[in-house]
Amino acid sequence: EVGRSCKIIMDIAGPKLRIGRILTAKQEPRVKRGECIFLTERENLTDFCGLDIAANCNIGSLLSYVAAGDLVRIDDGHIEGVVEEKREEGLVIRVNKVYNDKGAKLKKDKGLNFPGLQADAGILTDKDREHLAFVCRHADIVACSFVRNAEDIGMIQRALDEQLAKTPGRELGLMIKVDTMEAVHAF
């Protein structure tokens with residue numbers, strides 16, 4: 001006890017797009033500049049769709065918003081590419097940058113980012129809504145990632161108000177993380 005108060009911030013994750021299962025003919029799913037990756041929303045990967053590496057993602061519905069020519073970053077930018085072709089089954093991504101000359105290993109659960117993507121995915125996942133009950137009871141501030149616009153903030157505030165109504169007199173600060181280009185332009 002030092003006689004000082006300390007605010008507690010808890011972060012709700014928001015929609016995190018991730019690489020799921022990986023199917024490859026290679027011994028190690030390492031990609032190099034110039035190679036292609038097939039990305040799909042299909043849960044069961046059974047073929048490579050004509051490429052050496054195929055992968056699915058955890059929020060496949062977002063792939064419908066992606067277009068040929070869109071930029072793709074995987075694993076915090078360790079792998080970067082461009083959507084070369086959009087097929088009914090998914091996306092063909094041509095790798096144009098990797099973090100070293102030996103290539104980069106494509107790994108399950110690594111982040112997947114489409115800078116500039118404008119999609120209608122909700123800002124709060126079902127898991128976020130579950131976590132808000134705990135956050136509203138124990139935190140002083142809630143931080144929210146991947147906020148895109150004022151509508152997202154309104155949705156978060158309504159969800160917080162709903163939870164805070166269960167604990168009268170409780171107040172909670174809201175910290176918005178501006179971490180997408182869409183949000184930078186919106187604010």
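- The salt bridge (charged side-chain N to carboxylate O under 4.0 Å, His left out) check on Glu85 picks up Arg87, with sequence neighbours excluded.
- Panel note: side chain Glu80, backbone Gly77; no donor-acceptor pair is recorded below 3.5 Å.
- Taking Asn149 as the reference, nothing meets the side chain to side chain donor-acceptor pair (under 3.5 Å) condition, with sequence neighbours excluded.
- Distance CZ/Arg18 to SG/Cys57: 12.0 Å, rounded to 0.5 Å.
- Scored by the side chain to side chain donor-acceptor pair (under 3.5 Å) test, Arg129 finds no partners at all (sequence neighbours excluded).
- In terms of the salt bridge (charged side-chain N to carboxylate O under 4.0 Å, His left out) criterion, residue partners of Asp11 (sequence neighbours excluded) are, by chain and number, Lys177.
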Problem - Test log, rule side-chain contact (heavy atoms from CB on, under 4.5 Å), inputs Ile176 and Leu174 - result: CA-CA 6 Å; Ile176 300 301; Leu174 178 58; 3.8 Å; yes

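- Note that OG1 of Thr40 is 11.0 Å distant from CZ of Arg21, once rounded to the nearest 0.5 Å.
- Not a single donor-acceptor pair under 3.5 Å links the side chain of Asn58 to the backbone N or O of Gly20.
- Placement of Val82 and Leu91 in two distinct hydrophobic clusters is found when ILVMFWY residues are connected by side-chain heavy-atom separations under 4.5 Å, directly or transitively.
- Within the structure, side chain to side chain donor-acceptor pair (under 3.5 Å) contacts touching residues 88-103 (residues at least two apart or in different chains) are Glu84-Arg94.
- A side-chain donor-acceptor contact under 3.5 Å links Asn56 to the backbone of Arg42.
- How far CG of Leu63 is from CD of Glu41: 6.0 Å, rounded to the nearest 0.5 Å.
- Checked against side chain to side chain donor-acceptor pair (under 3.5 Å), Thr167 has no partners two or more places apart in sequence or in another chain.
- Here the side chain of Asp161 pairs no donor or acceptor atom with the backbone of Arg158 at under 3.5 angstrom.
- The two residues Ala13 and Asp128 come nearest to each other via the heavy atoms N-OD1, 3.4 Å.
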Atom pairs and distances, donor-acceptor, side-chain atoms in residues 106-116, under 3.5 Å, two or more places apart:
none

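- The two residues Leu124 and Met155 come nearest to each other via the heavy atoms CD1-O, 4.2 Å.
- With sequence neighbours excluded, no residue forms a salt bridge (charged side-chain N to carboxylate O under 4.0 Å, His left out) with Arg137.
- For the residue pair Ser145 and Ile123, the shortest heavy atom distance occurs at O-CD1, 3.6 Å.
- Every residue was checked against the ring pair (Phe, Tyr, Trp, His ring centres under 6.0 Å) condition with His131, not counting sequence neighbours, and none meets it.
- Cluster membership for Val92 and Leu71, using ILVMFWY side-chain heavy atoms within less than 4.5 angstrom, is not shared.
- Counting all heavy atoms, side chain and backbone alike, Val83 lies closest to Ala67 at CB-O, 3.5 Å.
- One finds the CD1 atom of Ile37 at 6.0 Å from the CD1 atom of Ile53 (value rounded to the nearest 0.5 Å).
- Contacts of Met175 classified as side-chain contact (heavy atoms from CB on, under 4.5 Å), with partners at least two apart in sequence or in another chain: Ile9, Ile141, Ala143.
- Remark: Arg30 pairs with Glu28 by the salt bridge (charged side-chain N to carboxylate O under 4.0 Å, His left out) rule, at least two apart or across chains.
- For the residue pair Ala139 and Leu172, the shortest heavy atom distance occurs at O-CD1, 3.3 Å.
- Rounded to the nearest 0.5 angstrom, Thr125 OG1 and Glu130 CD are separated by 8.0 Å.
- With hydrogens and angles ignored, the 3.5 Å screen pairs a side-chain donor or acceptor of His78 with a backbone N or O of Asp75.
- One finds the OH atom of Tyr65 at 13.5 Å from the CG atom of Asp70 (value rounded to the nearest 0.5 Å).
- Here Gln163 pairs with Leu132, Ala133, Cys136, Lys166 under the side-chain contact (heavy atoms from CB on, under 4.5 Å) rule; sequence neighbours left out.
- Summarising the geometry of Gly103 relative to Val98, their closest heavy-atom pair is CA-CG2, 4.0 Å, with the distance given to 0.1 Å.
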